[in-house]
Amino acid sequence: MTKTYIATAIPYVNGAPHVGHAMDFLIADTYRRFLLAQGDEVRLQAGTDEHGNKVFKKAEQEGVPVQQFVDKNAAQFKEFIHRLGVEYTDFIRTTDEDHIRRCQLIWKQLEPYIYKDTYEGWYCEGCEGFVTQTEYDANNGVCPDHQKPYIKLSEENYYLRLSDFTDRIKEAIETDEMRIVPESRKKEFLNLLADVADVSISRPSKQLSWGIPVPGDDTQVMYVWVDALANYITVLGFPEEDISDWWPAKVQVIGKDILRFHAGIWPAILLGVNLPLPHTLLTHGHITVDGAKMSKSVGNVIDPIEILDKHGTEPFRYYFLRHVPTTEDADFSWEKFESAYNELANDLGNLVQRLSTMCQKYSIAGQGLSAGQTSDNRYEDLMRNFEFSNAFNHVWSKIQDINKAIDDAKPWEIAKTGDQAKLQSTLSDMVKDLLSASQLLAPFLPETSKKIDDIFTAAKITPPATSLFPKA
RNA sequence: CGCGGGGUAGAGCAGCCUGGUAGCUCGUUUGGCUCAUAACCAAAAGGUCGUUGGUUCAAAUCCAACCCCCGCAACCA
């Protein structure tokens, strides 16, 4: 049995989950369910990134101990993932003991590529952080948040010598040994990779107290890179355990904003500890709201929990898996969501209703009925190529075909002729088609698929007490 | 001359790589049907495929130039 490992980016827990976070989980879960159906043994990791100044300060603001703060937020994310109908096998928090210890072991292994140097840059005392020269110029030397001039500050950092790996990484990306999906992002990143600089991977502990101590140097704490990126392998037990059954990951699902770290820094870390690179970095886009970028200052942030409360898991999955092209940006608006919900109710909900009603009326037994055709090449190609929204569309066309078939066959007229045998075979063919479609639908809408199976394989087919997707 | 993506019916998009009757979803109009959640099915209307030029028997598709929009430009899911 093929063992497959799927990894999702771990969200930073300085706030509540928003719609964007859902994409990682839904995409990974859909692929996981597809592979399970194909007979793979699948491990899906999820987790939370919990260190760093922003989390530390947020906890201070709320007046709670940091650990308590991250415990609360991690629980919130777990609950969120659960409500998306996503099932993970492993959940990692970067504050886990195991993770911290393994990170330090990884750091030790990376030491041949680590050196200490002085970082000098523009620093804002209000933000307690450095800004880039570009940002400095854009703000004319004054921090917009704190109205304080940036000061020149220097500090000691450990650096990872990325230049030791860039040739190797470039080659891996070009040859698709580590495939970046979609192709356009691959091109984009290869351009970026041309002028890559070594990356700072630690901070003085007096600047950054909430983090993993650098082994053998009390004055330094690991910055986000090693700490967060290593989660994908520490969760499997590396370096204390042999992870070769699961690693390299078949796919790592990430947002387009973090591609550069996953395609640039992450492979360097892996090469530094002699591990192979992930097979695929699947990059999804961002969700805009009413055509505008989501932002707290504009106040157009959509709370995914609100959508889930109002409409439930399956319509949520339907919208974000079918109407958001897997690797592209897409827009969310309540209007679009409502119209998608109507499609779901009209095409599928109504189909289940009308077909089950006829089966009941004309006494068609579900017992012994099963999916007719169980494999579909086009569907499998799309799924394997991570074109989930297109695969979903393909499944949907099958559902629409059944609606057409019913209108063509007109079972109610066959009933009038009294030809019970023909009625039986006509309707059971349709049920079989629906059960086939239901199988393909399962990775996207698992609960709905299960309901359909239950209804149409029952000894006595009866319409559901409440329709699958009721309309107000 | 920084890099990338895009400009196709009222809206949202596919088609472009590998030239050959311009397609899908929603919306609109008309018709059909009654098993069904006023749902479903069928048909129709609607496009100078950003602009200009080139290659070709033939260009949305290949080439060149230009115009417009949107991202990115190392620590924003």
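Residue numbering restarts at 1 for every chain, and letters A, B, ... go by the order of the sequence lines.
- Distance Phe392(A) CZ to rU25(B) P: 16 Å, rounded to the nearest Å.
- Rounded to whole angstrom, the span from the CZ atom of Arg322(A) across to the P atom of rU25(B) amounts to 9 Å.
- Rounded to whole Å, the separation between the P atoms of rA9(B) and rU61(B) comes to 15 Å.
- With rounding to whole Å, Ile406(A) atom CD1 is found 11 Å from rC41(B) atom C1'.
- Summarising the base pairing, rG23(B) is matched to rC13(B) through a Watson-Crick or G-U wobble pair whose two defining distances lie under 3.5 Å.
- For Lys256(A), the listed nucleotide lying nearest its side chain is rG71(B); candidates were rU34(B), rG71(B), rA36(B).
- rC3(B) atom P lies 18 Å from atom CZ of Phe189(A), rounded to whole Å.
- Taking every heavy atom of both residues into account, Ser356(A) and Ile455(A) meet most closely at CB-CG2, 4.1 Å.
- Between rC75(B) and Arg203(A), no contact under 4.0 Å exists linking OP1 or OP2 to a side-chain N or O.
- Remark: of the listed residues Trp266(A), Phe189(A), Trp225(A), Trp225(A) is the sole one forming a ring-ring contact (aromatic ring centres under 6.0 Å, His included) with Phe261(A).
- Contact check on Glu447(A) versus Lys451(A) returns no salt bridge, with no Lys/Arg side-chain nitrogen under 4.0 Å from an Asp/Glu carboxylate oxygen.
- Rounded to whole angstrom, the span from the CG atom of Asp49(A) across to the C1' atom of rC75(B) amounts to 12 Å.
- Both geometric conditions, a ring-centre gap below 5.5 Å and a plane tilt below 30°, are not fulfilled together for His18(A) over the base of rA77(B).
- Between the CZ atom of Arg260(A) and the P atom of rG71(B) there is a distance of 15 Å, rounded to whole Å.
- Atom name C1', nucleotides rC35(B) and rC41(B): the rounded distance is 13 Å, in whole Å.
- Checking the phosphate oxygens (OP1, OP2) of rA39(B), a side-chain nitrogen or oxygen of Lys471(A) falls inside 4.0 Å.
- Figure legend. rC62(B) is base-paired to rG54(B); pairs are counted as Watson-Crick or G-U wobble with both atom distances under 3.5 Å.
- The same atom, C1', is picked in rC49(B) and in rU21(B); the two are 15 Å apart, to the nearest Å.
- For Ile258(A) and rC72(B), the CD1 to P distance is 15 Å, given to the nearest whole Å.
- Between Asp454(A) and Lys450(A), at least one side-chain nitrogen of the basic residue sits less than 4.0 Å from a carboxylate oxygen of the acidic one, meeting the salt-bridge criterion.
- Classified by interplanar angle (parallel below 30°, tilted 30° to 60°, perpendicular above 60°), the ring pair Trp210(A)/Phe56(A) is tilted.
- Summarising the geometry, the separation between CH2 on Trp412(A) and C1' on rC40(B) is reported as 8 Å, rounded to the nearest angstrom.
- Residue-to-nucleotide contacts include a donor-acceptor pair under 3.5 Å from the side chain of Tyr223(A) to the base of rC75(B).
- The pair Arg32(A)-Asp29(A) counts as a salt bridge, with a side-chain nitrogen and a carboxylate oxygen less than 4.0 angstrom apart.
- Of the candidate nucleotides rA42(B), rU34(B), rA39(B), rA39(B) has the atom lying nearest to any side-chain atom of Asn346(A).
- In the set rG71(B), rC76(B), rA36(B), the nucleotide with an atom closest to the side chain of Lys54(A) is rC76(B).
- Checking rU37(B), rC35(B), rC76(B) against the side-chain heavy atoms of Asn350(A) singles out rU37(B) as nearest.
- Nearest to the side chain of Asn403(A), among rC72(B), rC35(B), rC41(B), sits rC41(B).
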